[in-house]
Chemist: 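Sending over a structure as structure tokens; questions will come in a sec.
Indexing begins at 1, ligand by ligand and atom by atom, following the structure's order. All values reported here derive from a predicted model rather than from experimental measurement.
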Amino acid sequence: MKDQIFIFDTTLRDGEQTPGSKLIMSEKIEIAYQLEALGVNVIEAGFPISSPGDFEAVQEIARRIKNASVCALSRSNEKDIDIAAQALKGAVSPRIHTGIGTSDFHVYSKLNMNRNSVLEQAVSAVKYAKKFVDDVEFYAEDAGRTENQYLARVIEAVIQAGATVVNIPDTTGFCLPEEYGAKIKYLTENVKGIEKAIISSHCHNDLGLATANAIAAIENGARQIECTINGIGERAGNTSLEEVVMIMNKHEDLKFSHTINSKLLYHTSQMVAELMHMPVQPNKAIVGSNAFSHSSGIHQDGFLKNRENYEIISPEEVGAADSHIILTARSGRAALNFRMKNLGYEFSREQITDIYPRFLEIADQLQEINDEELHQMARLIETISPAKKNASSLI
Ligand code: KIV
Ligand code: ZN
């Protein structure tokens with residue numbers, strides 16, 4: 001029996017905090033529909049108090065989305081919560097996400113408060129949000145650097161106040177996976193009433209650990225992952241949705257299920273990259289342009305014998321175009337022959353061997369050999385090495 005992991009997408013909130021990624025209303029709606037089609041459970045549509053534009057976007061998304069909860073962010077004060085609740089009015093399944101910083105950094109040097117007053121404000125905020133919606137998620141900002149005993153006190157108190165989801169953000173991306181996993185485990189073992197709420201992970205990628213930390217969280221009792229398409233977000237970004245989904249798909253041993261249609265991942269990634277002006281790095285896991293490209297001779301030869309020698313995910317699983325054999329000066333004869341065949345040429349092993357030194361000379365001058373150069377090379381093969389009658393084995 002697999003445990004379901006809820007996917008909370010925050011591309012339109014934390015993701016949109018990425019400099020240069022500001023969206024207009026129609027673009028936010030387009031992305032929200034795509035996230036709904038993708039199968040996410042919660043769409044965090046924005047932070048309504050932050051600007052009139054964000055308020056309207058949350059309102060519009062709340063009215064239109066029917067198959068996912070729509071969530072609005074607030075700080076832990078009544079004004080923020082009032083505006084969030086107002087923006088969510090038309091939603092089929094509204095969620096208010098309210099919270100406050102709990103690490104000593106936040107308590108003392110950001111909020112100028114003390115631990116008790118932060119705890120009281122957290123409880124008041126949750127109670128206030130409950131007046132508007134049933135589904136209230138509480139975030140303990142900088143939980144990653146919050147002392148576990150105090151964090152447990154806060155989480156216990158907000159669950160008693162009615163929080164349905166408790167978010168444990170590693171806001172600064174500081175935690176190691178073992179440490180973050182242990183924090184989640186500590187809460188499952190030390191918070192009275194923890195079974196009444198879903199524990200959520202929200203990880204940032206400052207040390208490149210956002211995905212590893214989210215996986216450590218679900219292995220230790222969290223049942224919601226907050227993430228973004230392409231891992232965009234504040235500073236170095238958030239846990240990437242496509243990575244956690246494919247980890248769950250590929251590791252049956254983890255025994256987690258989810259509702260994401262992985263075949264839509266590539267298209268969703270491209271849409272977000274384009275609308276948010278955030279190109280995907282070529283070597284990005286799952287959706288990068290090199291994720292299904294093979295360029296060295298050893299890999300190409302192994303891949304052509306059996307794709308599973310070098311691919312753990314097939315491109316169709318994520319809706320990407322077929323794998324590519326890239327021809328460079330590191331490619332071998334098998335790859336050259338494969339690409340020639342794709343262009344309709346049938347050469348013998350001898351012909352490919354005869355042209356191969358010329359291929360390497362050209363490849364040494366170029367980054368990559370394209371189809372046009374292959375056609376030219378094919379004409380050359382036919383002159384320097386015409387097919388023999390009864391040509392011996394084709395490669
Ligand atoms: O990183 C963070 O702590 C956040 C909260 C507002 C949830 O984004
Ligand atoms: Zn965040």
Side-chain angles (χ1 to χ4, degrees), residues 6-19 21 40-51 54 58 69-77 80-81 83-84 87 95-107 109-111 118 121-122 125-126 129 135-146 150-151 154-155 158 163-175 180 183-184 187 197-211 213-214 217 222 224-241 243-244 276 278:
F6 295 99
I7 299 294
F8 175 117
D9 181 278
T10 183
T11 304
L12 295 173
R13 199 278 296 167
D14 215 318
E16 213 222 6
Q17 290 172 211
T18 312
S21 295
V40 308
N41 306 101
V42 186
I43 296 173
E44 187 164 49
F47 181 20
I49 193 127
S50 65
S51 74
D54 220 37
V58 174
S69 297
V70 177
C71 176
L73 186 77
S74 76
R75 288 164 295 189
S76 57
N77 64 65
D80 271 36
I81 296 169
I83 302 290
R95 176 182 294 181
I96 293 178
H97 189 191
T98 188
I100 189 165
T102 52
S103 68
D104 283 350
F105 285 106
H106 283 230
V107 171
S109 64
K110 179 178 118 172
L111 300 165
V118 162
Q121 191 166 319
V126 170
D135 193 9
V136 174
E137 174 168 339
F138 172 79
Y139 64 86
E141 198 179 359
D142 205 15
R145 293 187 300 172
T146 302
Y150 173 62
L151 183 62
V154 175
I155 296 302
V158 297
T164 46
V165 182
V166 287
N167 178 10
I168 312 300
D170 184 22
T171 304
T172 59
F174 176 75
C175 288
Y180 190 63
K183 188 175 283 286
I184 302 296
L187 296 175
I198 291 169
I199 302 178
S200 183
S201 85
H202 177 113
C203 299
H204 279 269
N205 207 30
D206 301 66
L207 293 173
L209 292 170
T211 294
N213 282 344
Q224 176 177 280
I225 295 178
E226 304 193 6
C227 46
T228 59
I229 302 297
N230 300 334
I232 60 171
E234 190 79 37
R235 304 184 310 282
N238 291 67
T239 299
S240 133
L241 183 148
E243 291 173 14
V244 289
M276 299 185 85
M278 281 285 287

Chemist: If we check side chain to side chain contact (heavy atoms under 4.5 Å, CB included) with Leu209, which of these qualifies: Thr211, Asp206, Leu207?
Modeler: Leu207
Chemist: Is a side-chain donor-acceptor pair under 3.5 Å present for Thr10 with Glu226?
Modeler: no
Chemist: If you look at each N/O of ligand 1, which protein N/O atoms lie under 3.5 Å away, and at what distance?
Modeler:
from	atom 1	to	atom 2	distance (Å)
ligand 1	1 (O)	His202	NE2	3.2
ligand 1	1 (O)	His204	NE2	3.0
ligand 1	3 (O)	Thr171	OG1	2.6
ligand 1	8 (O)	Arg13	NH1	3.3
ligand 1	8 (O)	Arg13	NH2	3.0
ligand 1	8 (O)	Asp14	OD2	3.1
ligand 1	8 (O)	His202	NE2	3.1

Chemist: Would you say the rings of His97 and Phe8 are close, in the sense that their centroids are separated by under 6.0 Å?
Modeler: yes
Chemist: Less than 2.8 Å from the Zn ion (ligand 2) is the window; count the protein N, O or S atoms in it.
Modeler: 3
Chemist: Do the charged groups of Lys110 and Glu141 touch, with an N to O distance under 4.0 Å?
Modeler: yes
Chemist: With Asn238 as reference, evaluate Asp9, Asn230, Asp14 under the side-chain hydrogen bond (donor to acceptor under 3.5 Å, both in side chains) test and give the passing residue.
Modeler: Asp14
Chemist: Report the distance from atom CZ of Arg235 to atom OG1 of Thr172, rounding to the nearest 0.5 Å.
Modeler: 6.5 Å
Chemist: Distance check, rounded to the nearest 0.5 Å: Asp170 atom CG versus Cys175 atom SG?
Modeler: 4.0 Å
Chemist: Would you please indicate if the ring centroids of His202 and Tyr139 are separated by under 6.0 Å?
Modeler: no
Chemist: Quick one: CZ on Arg13 to CG on Asp54, what's the gap to the nearest 0.5 Å?
Modeler: 10.0 Å
